[in-house]
Amino acid sequence: MTVNKDTFLKSDLLERYLTGLTNSQENLEVEHYINTFPEVKEAYHTLENKLELVAFANAEEAPIHLLGSILETLDNKPVMTLKTKPNKSWFIFGIAASIATLIFAGSSLYFFVQNQDLLDENQVIVDELYDLRSDIDENNLKLEALSEEFSRLNNPETEKYILNGNGRAKNLKTIAYINPKEKTSLIDVVSLPILPKDQEYQIWAELQDKQVNLGILSPSDRRLQQIPYTKDALGLSITIEQKGVKPNKNTTDTPVAEIELKIGE
């Protein structure tokens with residue numbers, strides 16, 4: 001690099017720098033001197049202004065007829081329609097957006113189905129819990145009824161009577177529970193032989209001068225059931241009667257099971 005600024009100013013580096021004829025190394029050298037020495041900077045601006053004046057003075061205006069020829073040529077040229085090529089980026093973006101929409105729709109449908117299945121499962125569970133609660137309530141009522149019946153059967157005032165069948169109904173067996181204090185009567189059907197379809201078992205209470213019908217006994221009704229309490233009853237009996245025929249003391253068949261009662265008021 002040149003050290004003496006006077007030597008630098010006497011060289012043609014500034015002129016060549018301004019006209020773009022210096023290399024990269026010379027550019028660095030010129031810029032260093034311009035930034036370091038005020039005299040070089042002033043000479044640079046002076047030379048720059050002179051070159052601009054020279055360029056302006058030597059500039060020639062284009063002939064008017066040349067401009068007219070150019071415009072006339074442009075007017076005679078046919079207008080070309082440029083074909084616009086489809087923008088591939090927008091096409092790709094559209095495909096991506098469509099795929100994203102399909103994925104979103106599929107995901108929404110999937111979660112909707114999952115949620116609907118969950119709601120259905122919850123409803124099934126609710127229904128099962130409701131049925132279970134209903135079963136529990138029903139069983140509680142049955143237990144209460146059984147407890148009440150058990151209390152009646154074990155009441156010291158309750159008398160127990162067993163009615164066994166005679167030769168016409170050997171396997172017949174029922175148990176009567178009668179409490180004259182509470183005025184309750186219960187009958188427990190243990191076993192009843194099968195009858196023809198047109199016949200049925202009926203139970204009777206025997207009074208001093210008549211018999212009172214207390215209802216029908218069914219072989220399929222194997223449970224403790226309540227029958228009307230009859231005051232001053234002397235005994236109980238079971239007969240076989242024709243279905244649909246209202247029995248009376250004149251038409252009543254002979255008993256297939258009977259027992260005398262030890263109680264009376």
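Under the salt bridge (charged side-chain N to carboxylate O under 4.0 Å, His left out) criterion, Glu138 pairs with Lys142, sequence neighbours left out. Under the rule for a side chain to side chain contact (heavy atoms under 4.5 Å, CB included), Glu260 has no partner lying at least two apart in sequence or in another chain. Legend: residues meeting side chain to side chain contact (heavy atoms under 4.5 Å, CB included) with Ser185, ordered by chain and number and at least two apart, are Ile178, Ile227, Tyr229. Applying the side chain to side chain contact (heavy atoms under 4.5 Å, CB included) criterion to Pro193, with sequence neighbours excluded, gives Ala169, Asn171, Leu172, Tyr201. With sequence neighbours excluded, the residues satisfying side-chain hydrogen bond (donor to acceptor under 3.5 Å, both in side chains) with Asp127 are Gln123. Shown here are the side-chain hydrogen bond (donor to acceptor under 3.5 Å, both in side chains) partners of Glu200, two or more places apart in sequence or in another chain: Gln202. Taking Glu128 as the reference, Val124 meet the side chain to side chain contact (heavy atoms under 4.5 Å, CB included) condition, with sequence neighbours excluded. Every residue two or more places apart in sequence or in another chain that forms a side-chain hydrogen bond (donor to acceptor under 3.5 Å, both in side chains) with Thr22 is listed here: Asn27.
Applying the 6.0 Å contact sphere to CD of Gln114 captures more than 12 heavy atoms from other residues, nucleotides or ligands. By the 6.0 Å contact criterion, CD on Gln242 is enclosed, its count of non-hydrogen atoms from other residues, nucleotides or ligands being greater than 12.
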With a 3.5 Å cut-off and sequence neighbours excluded, list the donor-acceptor pairs that the side chains of residues 10-20 form with protein atoms.
{"residue": "Ser11", "atom": "OG", "partner": "Phe8", "partner atom": "O", "Å": "2.5"}
{"residue": "Asp12", "atom": "OD2", "partner": "Arg16", "partner atom": "NE", "Å": "3.4"}
{"residue": "Arg16", "atom": "NH1", "partner": "Glu26", "partner atom": "OE1", "Å": "3.3"}
{"residue": "Arg16", "atom": "NH2", "partner": "Glu26", "partner atom": "OE2", "Å": "3.2"}
{"residue": "Tyr17", "atom": "OH", "partner": "Glu31", "partner atom": "OE2", "Å": "3.0"}
{"residue": "Thr19", "atom": "OG1", "partner": "Glu15", "partner atom": "O", "Å": "2.9"}
{"residue": "Thr19", "atom": "OG1", "partner": "Arg16", "partner atom": "O", "Å": "3.2"}

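When side chains are defined from C-beta on, Lys160 does not count as touching Thr158, because their heavy atoms never get closer than 4.5 Å.
Scanning all heavy atoms of the two residues, the minimum distance from Pro255 to Asn166 falls at O-ND2, 3.1 Å. Here the shortest heavy-atom pairing between Asp232 and Leu207 reads O-CD2, 3.5 Å. Nearest approach of Leu214 to Pro228, heavy atoms of both residues: O-CD, 3.4 Å.
Membership of an apolar cluster is not assigned to Leu118, as no side-chain contact below 4.5 Å to another ILVMFWY residue is traced. When hydrophobic residues (I, L, V, M, F, W, Y) are linked wherever their side-chain heavy atoms come within less than 4.5 Å, Val126 remains an isolated member.
Asp198 contributes no side-chain N or O that, together with a main-chain N or O of Gly244, makes up a donor-acceptor pair within less than 3.5 Å.
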Take Leu236 and Leu261 through the side-chain contact (heavy atoms from CB on, under 4.5 Å) test and state the conclusion after the steps.
CA-CA 7 Å; Leu236 294 176; Leu261 301 181; 4.1 Å; yes
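Within the structure, salt bridge (charged side-chain N to carboxylate O under 4.0 Å, His left out) pairs that include any residue of residues 163-174 comprise Arg168-Asp253 (at least two apart or interchain).
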